[in-house]
Structures are given as C-alpha cells and as structure tokens.
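First comes the structure, then the notes that go with it.
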Amino acid sequence: MFYSIQLHEIKHVITDYLMENSMSKLKHIWILIRKAIVYCKMYGIRNTFERIWCKLPMTSSYDVFRRNHRLTKTELDRQRKEELAYEPMISILVPVCNVPDRHLISCIESVLNQTYSNWELCMADDCSAWENVRDTLRRYEGHSQVRIACRSENGHISRATNSTLELATGEFIAFLDCNDILTPDALYEVVKLLNENPELDFIYSDEDKTDDDGKKFYMPYFKSDWAPDTLMTHMYTGHLGVYRRSIAVEIGGLRTGVEGSQDYDFTLRFTEKTDRIAHIPKVLYHWRVREESTAGSEQAKPYVLEAAKKTKEDALARRGLSGEVELIEDLHQFRVNYLPDVWPKISVIIPSKDNYEILSRCLSSFHELTDYPDFEIILVDNGSTDENRVRYRQLSDQYHMTYLYQKETFNFSHMCNIGSRAADGDYLLFLNDDTEVIDAKWLKRMAGQASLEHTGAVGAKLLYPDREMIQHIGVLNLECGPSHALTGFSDKKVYYFGRNRLDYNYLAVTGACLLVKKKKFEEVHGFCEELPIAYNDVDFCFRLAEKGYYNVMRNDAALLHHESVSRGLDFLDQKKMERLARERGKLYEMHPNFYQYDPFYNPNLAPRNIDFSLNMDDTRDKRSEIGCSHPYF
C-alpha cells in the first residue's frame, strides 16, 4: 500500500514536470529511465526505488533513512516485555523554565512512552514566569515515577539541573531539555549496552534535530566512538548522554558561570574521571530547534561563545596543560593550540630520489615560512643519478641537512626507518618531498598536539596546488579499504559538522605529513617494511591505535601537496592497482580487527563513500575490492 501511494505521487510529479517544461526535456527523462533500469538490474527494484524517492522534492534522503530504520510496534512491544539481567534505575533530569505546553508535554510523554521501565523523571521548575508550566507539571505529580521540585528563584540552567540531580536516586542520570524528545527505545538501548558491559560510566548516542512542531526531522549527527580530541574541539557527544550518578555527584554536578556551555563543561570534567565510555550508533534523541535555541544558532545566545571559551580554558588548567584557545569564526567554535613548556626538537625525515626541483621547492618553503625554533632535516635518497646526487648534496649544504644515500629498490617504509635511526629529535616528522609549506604556524600546531600523552600520530590538512581543493583531511577505513575523506571537495565549504575545519580523531592519517613522538614510533617498531609503497602509514596508525593512542587530524595545519608527482597515480596503472590490492590484503591480515571497521566512522554513514553521506545502500553483500568513490593512493 505504501509503495502504491508513492508511485501515485511520483506519477503526478512527472506529469507536472512535463506540463511545465518543453517536450525537449523528454529525452532527459528517457536517459534517467534507462539509468534506472540498469541500476535495477545491478541492485534490485527496492533499492532503486529508494534512490529515486529520496531525489524527489516531497521528501529527503533522511526521511527515507528514518523510514527504513523506524521500529515497528511489534519490536517496541518486544522491548517492553524483555527481561534484562541487569536493569539499573536511570534518572532523567529535566530542568524546566518558560516552555510552551506543546513542547513540555511531548518531552514528558516521550519519557512515559519508554519501552524500558526502570526510570524516574526528575523535573525542576526554575521559577517559571509562565503560568502554564506549573499547571502542566501538576498534571504529572501523581505519577509514581515522576519527581518534581519547584525552585523559589530563577537560578538559570546549571542550578536548575542540579536541583533535578538532588532528586535523583538512579544509578545513572540522563540529561533531557524540556523541549526535546527521546525516542521510545532510548533507555532500552542504553541498558542493553550496559548488560554487555556493566562497568561503563558514560554512554552517548547519535541525535538529530526537529522543528518547532516536532514533525520534520533533519540534520542527523552520526558520531564516532569515543574521541577525546574531537571532544576538546566541540561537544560532539551531545545527546543522548547517560552518566554514572556517583561520578556526577563527585564532580559537583553542573557548574555555574558556564551557562550556555554547561553540558559541555560537565562532560569534559566527567571524562577526566573515567575512560569507560561507549557510543550507541543510533539516533535516540531529537533536539528541538526554536528561534532562540542554541541548536539553531550560537549567535542567538552571545554568552554561549564566552562560556565555551571559559570551558576549554578551565579544562586546560585542570589538566595542567598550556594552550591558546582560538576562535574558528565561521563555525562559532574554539580550538586549542597546545603550547609545551619547551618546543621539542623535531627531526624532519624526507624520502626523495631524482626530484631536485620538487624537493628544492619543499625545502625553500619550509625554511622561509616555518616558524618552528628547533628542527633538523634528514634527506633519505634511495638511488638518485650521479648528477642529482651532486645537486642533493648542494641542497644539503645549503640547508644544513643530513643526507643519507643508499641505492636500493624503493621502499618508503625502509627509507623512513633509516631516517628515524639517524634522528636526534624527540619527535619525528615524515614529510613528502612534493609538499609545500604555506603557513608559518603549522608545525607548532602539530607539535603541541603531539606532545599530549594520549596522542599517537598527528596529521595535517593537505590541499591540492590550487589551494582550494582538499587532498587529505584524514583517512576513513571503509568497506573497500582506506580512503581519503572528502578528497576532491572544495575547502571553501564546510562539511559534515566541520570535518574540514575542526580537529578530529581519525583511525589513520597520511604519511605524506605525519608527526609522532619518537618514543611512540619506536614502541610500535616504526613503519612495516613488508608494506613498501602503500598502506604503510595506515598500518603504522593502526598499530598506534592498538596501543591505545589516538591519532589526530589538525585542520589548522595546512600544506600544499603536489600529490604523487614522484611516482605517479596508482589507479592509472593496472600493475600498480594489483599491487595496491595485495598490500591492502596484507594490511588486513596484520589487523583483522580493523577489516571493514573504523571506530571513528559511524556505520550509519555510507560504507563506500568519502563524503559522510547517509548509508542508503541495502546491498552491503555486493562489496567490491576497489569500490570506493576515491580509493587510497
């Protein structure tokens, strides 16, 4: 019945289109029909229909996604009847102040309709001036699971939330704004995860936004698993957040003086007490957007920016770190530039062969622009011609470099390892000879990040020579293998929650510009020489992740990358493609746990795309070895 209604609507759309446009458009429609037929043969009628439907003006791809993932009444009833071995009490904290009935009632009812039953709803009226608030709250006072406090004076969001925390008796607490909505299965999903790991202290989920009427849902945020550096850049864990109450009480609940950023401040302080953190990759929370809401625009509440800045500055102070908190103006967010007490010596290792002009440009830009105070450069040459060897020595003398020459078959990993053994620095920067420095502060930003104890490899943003197109902002470990995120996209636009602006944790970053502490490099035994050309940097990052380190992408450290000038593009050569496939196979033989798995890439996102688009594909069994929209070179 549903499909027949959709087909009827599609018929009208096409009819109107033909009536309003010249018949010359018919050829275009016929081409689209032929494409649809081919797609049907490859992927089936249902998947083709979904693709067509999400392109039509009456719906969106997220509408289709939500419909495909909507729980049936049967499933919700099953959850209500299910008896779990561990059923902790969850206290849902809702501060209330001057909210319309349609929002407050839908918020409360979303809790009452939970399929998991061991909860309590703790609400505190923050001395609302609107009479409807008290009247509405009285309607729920008789409910056995509802606890209500009425504050005698308005204390703003932090004090009001702490009033709800005082009411709470649960083992865990969950924050819910008085105009937002929980999905019916929200608490069930949390407790199901706690049954798998009852030691967890903090659980967060994906979320989306809904309009004032609660009818339109949009802007889903499909998040990564726990990523401490992503959190230090922005409050990515957001909603739904469920926290162990004992720790929440230990840290004093929400702080006053950071209103507008109080949840962020609380989460930063909470995660300083525990690393038992998990993520549920499902939308369990609908964040309602009102005109005055922070969900709509940070500019609606000017104090939010000041609160966010104070939150980060206070976090640095608590952690004994020095740093500069810098505003990212087009995102209304702050990033942290870490400042070590003493800038450590960095050994810059550049593999190169017969690339004099390109190398010369790299070195001159490095020396002319980089403002880093203490570094050495080690040039590793695996067999340049006699003529170029003389020219390389001249460059070495000019820039006071260490020049290592050894004629051998190209093996990027071996060359990097040779350079590391000759290095005097406490940190190692592996840098391609086809890169070009364009910003003075890039290396300080990377070094500050690399100085943190939990940090593994630090990557830089690489742009193509036009200075606009993205080449590298991090590596996604997709179904078809490692792939550069958003490569080929314009850096003038902002993508998926600031992926090309903010600092994000990734499973891997490119070895074209990679900084790591030498001690950590040696801890994972350097680069794997069994991967001579491709995926050696990915393997290196995998091994750091397996040791518990977090690899970080610094989007504020940008260089130009004249990509693959040295050895050409792999996808243009069949033999290189075959070699790429072999080395990819070797990569996953060494790291089977990361085969088609990336903790920093949400499974609700397209498994073979690099643009953070939704996973609309029902054909996950039709996997190809080289099927990504942009393979890793």
So how far is it from [X] [atom1] to [Y] [atom2], rounded to the nearest 0.5 Å?
X	Y	atom1	atom2	result
L428	K520	CG	NZ	12.0 Å
L104	C97	CG	SG	11.5 Å
R159	Q262	CZ	CD	12.5 Å
L443	L369	CG	CG	12.5 Å
F65	F217	CZ	CZ	14.0 Å
R501	R335	CZ	CZ	9.5 Å

So does [X] pair up with [Y], basic N to acidic O under 4.0 Å?
X	Y	answer
D177	R288	no
K215	D211	no
E326	R445	yes
D201	K273	no
R269	D265	yes

Taking side chain as C-beta onward, heavy atoms only, is [X] less than 4.5 Å from [Y]?
X	Y	result
H234	L331	no
M446	I346	no
T271	P228	no
P607	L478	no
D556	D503	yes
L268	R319	yes
F266	T161	no
N615	P603	no

Can you see which heavy atom on [X] is nearest to which on [Y], and at what distance?
X	Y	answer
L614	P220	CD2-CG, 4.3 Å
C416	I349	O-CD1, 4.2 Å
D433	I358	O-CG2, 3.1 Å
N432	G511	OD1-O, 4.0 Å
R255	S158	O-OG, 2.8 Å
E468	S490	OE2-OG, 2.9 Å

Taking atom types as modelled and ignoring hydrogens, do the side chains of [X] and [Y] form a donor-acceptor contact shorter than 3.5 angstrom?
X	Y	result
D126	N154	yes
Y285	D180	yes
K312	Y264	yes
H156	E259	no

Worksheet item: Any idea how Y506 and Y504 line up, ring-wise: parallel (<30°), tilted (30 to 60°), or perpendicular (>60°)?
Response: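 The arrangement is perpendicular - the two ring planes meet at more than 60°.
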
Practice prompt. Please work out whether the ring planes of Y243 and F202 are parallel, tilted or perpendicular, with thresholds of 30° and 60°.
Written response: parallel

Return yes if some donor-acceptor pair links the side-chain N/O of [X] with the main-chain N/O of [Y] below 3.5 Å, else return no.
X	Y	answer
E272	F270	no
S365	V437	yes
N551	L507	yes
H103	D212	yes
R244	L200	yes
R554	A447	no
N477	F594	yes
Q471	L462	no
S483	G481	yes
K223	T237	yes

Might you confirm whether atom [atom1] of [X] has over 12 heavy atoms from other residues, nucleotides or ligands at distances under 6.0 Å?
X	atom1	answer
K518	NZ	yes
D341	CG	no
E250	CD	yes

Item to complete: Go through S261 and V304 one step at a time and tell me if the side-chain contact (heavy atoms from CB on, under 4.5 Å) criterion holds.
Response: CA-CA 6 Å; S261 197; V304 170; 5.6 Å; no

Assert yes or no for the condition that the ring centre distance of [X] to [Y] is strictly below 6.0 Å.
X	Y	value
Y495	F489	yes
Y62	H69	no
F540	F521	yes
F366	W442	yes

Extract all donor-acceptor atom pairs below 3.5 Å that involve side chains of residues 451-461 and protein atoms in other chains or at least two apart in sequence.
unit_1	atom_1	unit_2	atom_2	d
S451	OG	G448	O	2.6
H454	NE2	D229	OD1	2.9
H454	NE2	D229	OD2	3.2
T455	OG1	Q449	O	3.1
K461	NZ	D491	OD1	3.0
K461	NZ	D491	OD2	3.1
K461	NZ	N500	O	2.7

Worksheet item: Which is it for V336 and L321 under the side-chain contact (heavy atoms from CB on, under 4.5 Å) test, yes or no, and what are the steps along the way?
Response: CA-CA 11 Å; V336 176; L321 300 171; over 6 Å; no

Worksheet entry | Audit row: C107, V96, side-chain contact (heavy atoms from CB on, under 4.5 Å) steps and yes/no | CA-CA 11 Å; C107 172; V96 181; over 6 Å; no

Discussion item. Working note: Y204 + Y236, criterion side chain to side chain donor-acceptor pair (under 3.5 Å); need CA distance, chi angles, decisive distance, verdict.
Written reply: CA-CA 10 Å; Y204 62 97; Y236 88 93; 2.9 Å; yes

Worksheet item: Should E207 and L240 be marked as a side-chain contact (heavy atoms from CB on, under 4.5 Å) after you check the CA-CA gap, both sets of side-chain angles, and the distance that decides it?
Response: CA-CA 7 Å; E207 63 188 274; L240 170 73; over 6 Å; no

